[in-house]
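Remarks on the structure that follows.
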Amino acid sequence: MTQVKPFARIVGSGGFLPPRVVTNDDLAAELATRQIETSDQWITERTGIRQRHLADKGMTTSALATEAARRALADAGVEAGEVDLIIVATSTPDFVFPSTACLVQANLGNKGAAAFDVQAVCSGFVYALTTADSFIRAGRARCALIIGAEVFSSILDWSDRSTCVLFGDGAGAVVLKASDAPGILGAELHADGSQMNILCAAGNVAFGQVTGDPFLRMDGQAVFKQAVTVLDRSARTVTEQAGVALSEIDWLIPHQANLRILTFLAKKLDIPVEKVVITVDQHANTSAASIPLAFDVARRDGRIQPGQLVLMQGVGGGFTWGSVLVRM
Ligand SMILES: CC(C)(COP(=O)(O)OP(=O)(O)OC[C@H]1O[C@@H](n2cnc3c(N)ncnc32)[C@H](O)[C@@H]1OP(=O)(O)O)[C@@H](O)C(=O)NCCC(=O)NCCS
């Protein structure tokens, strides 16, 4: 019998963004043709977003996820056949079923791994990472592929300027392996379903039709306030439980929704903003993909180094939130 190892460790990461870059000016010009007024100045000042990558029609979540997964596996030096657990966090799956994770599995040529999707919107990646960590620590998996992937552009109401300027498409992935050394040091997840209305896409496919509203709707100010409050509380809880001081965190990677949320959070936690990985300016909000994409960017540009402490934090529709503390 193989011995259960006590930790799950990140051994590789990868990211993939659709090649089409749409700047704020591009978007403002496009919306102007439909008498919808916005500007680079408004978007930059309120959100910090300067551009986003958008998938061309037909480019699916599973396609983005597969490319990010391939890059993460290559980075980890892991063959697809070695993976025994695949979790995709997404709110924009290709199909009602099968899960996007099963589609990725087929694309990678893996057979037999457990594969399923996690639906926790912009908290999806921390939910998926925590789930995989639990599988590995329980001895139910040894090598997990965790992906956050979205084509959020497909659920945006492009006539609603208060939401359509905020989001982008993309995918990020990590490979987790059972290890004797830490690893994921701590995690905590929460939800409050009574707040579902502040951020939702309350539609469904039933009886051959879309029922309800197929587009994302948001009360921006309510989400902003909630996000800052729960991320602050969650960062304190997860570090306290792991016996780590906030001042020891080398890199804070919150969900990339809005630069003002990131800077406000850093200030509340007394973490220098230089220690916050920021990609929202380049990627906009890619929902479940935002944290693994930011993580991969900071690993590849050499900011995140072995031995360092990284705090990842998700927040989003549900309302959901959570944190994962990682020793690299
Ligand atoms: C969405 C958000 C940027 C809006 O910023 P805000 O400062 O709260 O702005 P408001 O919604 O109060 O809107 C202010 C004005 O800007 C206008 N406006 C909204 N979107 C606009 C746009 N894209 N361009 C120009 N004007 C816009 C509004 O119509 C409003 O005009 P009015 O005062 O004439 O009514 C901000 O609330 C936010 O970032 N919230 C968090 C969203 C988030 O992170 N969601 C994802 C979480 S997972």
Side-chain angles (χ1 to χ4, degrees), residues 22-52 89-92 118-127 148 150 152-153 155-170 172 189-193 195-201 215-232 234 253-266 276 278-281 283-294 312-323:
V22 177
T23 66
N24 291 346
D25 280 332
D26 295 337
L27 189 54
E30 208 280 313
L31 292 176
T33 63
R34 290 182 279 129
Q35 279 72 54
I36 300 165
E37 200 188 316
T38 189
S39 64
D40 173 51
Q41 192 187 354
W42 191 95
I43 301 168
T44 307
E45 278 176 8
R46 305 281 177 128
T47 71
I49 294 165
R50 295 184 176 276
Q51 62 172 45
R52 74 282 296 136
T90 187
S91 300
T92 50
V118 159
Q119 219 290 34
V121 201
C122 304
S123 307
F125 184 75
V126 294
Y127 266 68
E150 304 279 13
F152 241 58
S153 56
I155 55 165
L156 298 177
D157 176 353
W158 288 95
S159 64
D160 174 8
R161 67 178 182 174
S162 70
T163 54
C164 76
V165 302
L166 303 176
F167 296 91
D169 302 327
L189 304 175
H190 299 283
D192 176 1
Q195 298 196 61
M196 63 166 285
N197 288 329
I198 64 173
L199 181 52
C200 60
F215 295 123
L216 177 149
R217 305 291 174 201
M218 180 175 72
D219 175 344
Q221 287 181 7
V223 169
F224 192 107
K225 277 187 213 139
Q226 268 299 319
V228 175
T229 305
V230 298
L231 290 175
D232 174 67
S234 182
I253 312 185
H255 168 50
Q256 307 283 312
N258 182 319
L259 185 59
R260 281 159 57 217
I261 294 179
L262 302 189
T263 50
F264 201 52
L265 175 68
V276 183
I278 294 168
T279 50
V280 67
D281 55 333
H283 302 170
N285 180 347
T286 57
S287 191
S290 92
I291 295 171
L293 271 168
M312 304 185 195
Q313 294 200 276
V315 64
F319 203 72
T320 55
W321 66 96
S323 302

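Counting convention: from 1, in listed order, for ligands and their atoms alike. Each residue takes its place number in the sequence, starting with 1. Everything numeric in this text was worked out from a predicted model, so none of it was measured.
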Can you tell me the protein heavy atom closest to [atom] and the distance?
atom                    : result
atom 24 (N) of ligand 1 : T38 OG1, 2.7 Å
atom 10 (P) of ligand 1 : Q221 NE2, 3.8 Å
atom 29 (O) of ligand 1 : R161 NH2, 3.0 Å
atom 38 (C) of ligand 1 : N258 ND2, 3.6 Å
atom 6 (P) of ligand 1  : R46 NH1, 3.5 Å
atom 44 (O) of ligand 1 : A257 CB, 3.2 Å
atom 40 (N) of ligand 1 : G220 O, 2.9 Å
atom 45 (N) of ligand 1 : M218 SD, 3.1 Å

Show me which atoms of ligand 1 lie under 4.0 Å from any heavy atom of [X].
X    : answer
I261 : 44 (O)
C122 : 48 (S)
H255 : 48 (S)
T47  : 3 (C)
S162 : 20 (N)
V315 : 48 (S)
V223 : 43 (C), 45 (N), 47 (C)

Scan E150, H255, R52 and name whichever one has a side-chain hydrogen bond (donor to acceptor under 3.5 Å, both in side chains) with N285. H255
Is atom 35 (O) of ligand 1 touching the protein, meaning some protein heavy atom lies under 4.0 Å away? no
Once you restrict to heavy atoms under 4.0 Å, what part of T163 touches ligand 1? Side chain, backbone, both or neither. neither
Which one of F319, F224, W42 has a non-hydrogen atom at the shortest distance from atom 16 (O) of ligand 1? W42
Crowded around F264 CZ? As in, over 12 foreign heavy atoms under 6.0 Å? no
Would V165 count as a contact of ligand 1 if the rule is a heavy atom under 4.0 Å away? yes
